[in-house]
Amino acid sequence: MTTTEQTTTFPMARGACPFDPPPALRPLREHRPVSRVRLWNGTEAWLVTRHADVRAVLADPRLSADMRTPGYPLISPARAGRAGQDTPPFIVLDDPEHSRLRRMLISDFTMRSTESLRPMVTGIVDDLLDAMAAGPRPVDLVTAFALPLPSLVICRMLGVPYGDHEFFQAVSARMLTSASAPEEVAAASDELRAYLRGLVEAKVDDPTDDLLGRLVQRRVRAGELSVDEAVSTASLLLIAGHETTANQLALGTLVLLDHPEQAAELRDTSDPTVVVRAVEELLRLLTIVHNARARVATEDLEIGGVRIAAGEGVLASSESANRDPEAFADPDRLDIHRAERHHVAFGFGVHQCLGQPLARLELQVAYPALLRRFPDLRVTRDPDELDYRSDKVVYGVREVPVSWGSAGKG
Ligand code: HEM
């Protein structure tokens, strides 16, 4: 591969607005929609920025998601640390292995089984909001609401003790920091795996009625799933289940507070369609699983008229696709009534997010409940001065100090 003067460094820096993807994506999408980028370790890959091309990449079985395939674009030191895992989770495996493992979970993530969790999710939301209302102001929305909600939900669903949340949240933070050294990520991953192995093995002898318990009883005992595979799956679900929704909830609330008229409409509506569309719009606009989906070509192929050779890395930028004016009218504007539902914030193709019905349920319950409980919710610091998570696999915000009620009370 030759390096040309036009090669851009990837990932790119974000600009002044914390809700927008890196500004350098726009000119690429307009003029060089499939272009070469250089990664931290000097290797190169193709960056794909148009919505139609991103979907084509993610739907193409000739592009592998397996990190061990030669040429796979490792976009950060942290990714390099995860590439050496012995039993990788199915998010980085190809079919048939990927679909064998994913299929074992599908019945737990259908719309119907997710809908049965609504009373549990609503109860958790109400309890957290009660505790916020009774506590001091200002309070950090992330630690009081956005993070405990998905953590409690995924723990109860999987059968992981929530009492251990400080441990697994700290370990997953180390794993998901892009700049973490590969050895540091591998060590954090081993710690989480050892913890989850203990839980999985305990469920072999002592059956529990939760997702991991059922997986152990039905699949591990039947010899269809090894203990190592069950541990990898548990690790994927535990991390994906709380990091993502927590950041979407916190960052989405900031966006809503920045658009008070639309926030008021979401707060006051009795029309479920408005809530559904608002959640999709916030997912599209923020695309928190940022820095593109990584794949590698296993055959020579063409994307957007550009020839990609077997063994070359491809980065499908969902954050750019979701701002493509050919797919979304006035794409940089928040419009909670937007009807198009073809955003790629949950990915596309066979690896499309398994937990999306759960994430949607949590967000559809949480945003309106928060706005209704505190109709005058406000951020007590300038949003431009908050600490945003550009350095993480999942974009978001570390802390959001909020208050409500009369000025004298904070
Ligand atoms: C996959 C985003 C919540 C579990 C993905 C992918 C994206 C994504 C973009 C595709 C990765 C790729 O193509 O390489 C999100 C967002 C969420 C969210 C934005 C919340 C706002 C969740 C939740 C869970 C979950 C709550 C569940 C427990 C998974 C799993 C995969 C996945 C297991 C791998 C699917 C596969 O490879 O077949 N997610 N996710 N996610 N997500 Fe989510």
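If you read the sequence from its start, that first residue is 1, and numbering goes on from there. Counting starts at 1 for both ligands and their atoms, following the listed order.
Of all non-hydrogen atoms in Arg68 and Leu93, the two that sit nearest each other are NH2-CD2, 3.2 Å.
Atom CZ of Phe109 sits about 5.5 Å away from atom CG of Leu211, to the nearest 0.5 Å.
For residues 248-267, the set of pairs meeting the side-chain hydrogen bond (donor to acceptor under 3.5 Å, both in side chains) definition, not counting sequence neighbours, comprises Glu265-His337. Applying the side-chain hydrogen bond (donor to acceptor under 3.5 Å, both in side chains) definition to pairs two or more places apart or across chains, those involving residues 357-376 are Asp130-Arg373, Glu280-Arg360, Gln356-Arg360. Residue pairs meeting the side-chain hydrogen bond (donor to acceptor under 3.5 Å, both in side chains) criterion with at least one member in residues 288-299, sequence neighbours excluded, are Arg14-His290.
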Dump all N/O pairs between ligand 1 and the protein below 3.5 Å as a table: atom names plus distance, one pair per row.
residue  : atom   : partner : partner atom : Å
ligand 1 : 13 (O) : Arg295  : NH2          : 2.9
ligand 1 : 14 (O) : Arg293  : NE           : 3.3
ligand 1 : 14 (O) : Arg295  : NH1          : 3.3
ligand 1 : 37 (O) : His351  : ND1          : 2.6
ligand 1 : 38 (O) : His98   : NE2          : 2.7
ligand 1 : 38 (O) : Arg102  : NH1          : 2.7

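Between His165 and His242, the ring centre distance reaches or exceeds 6.0 Å.
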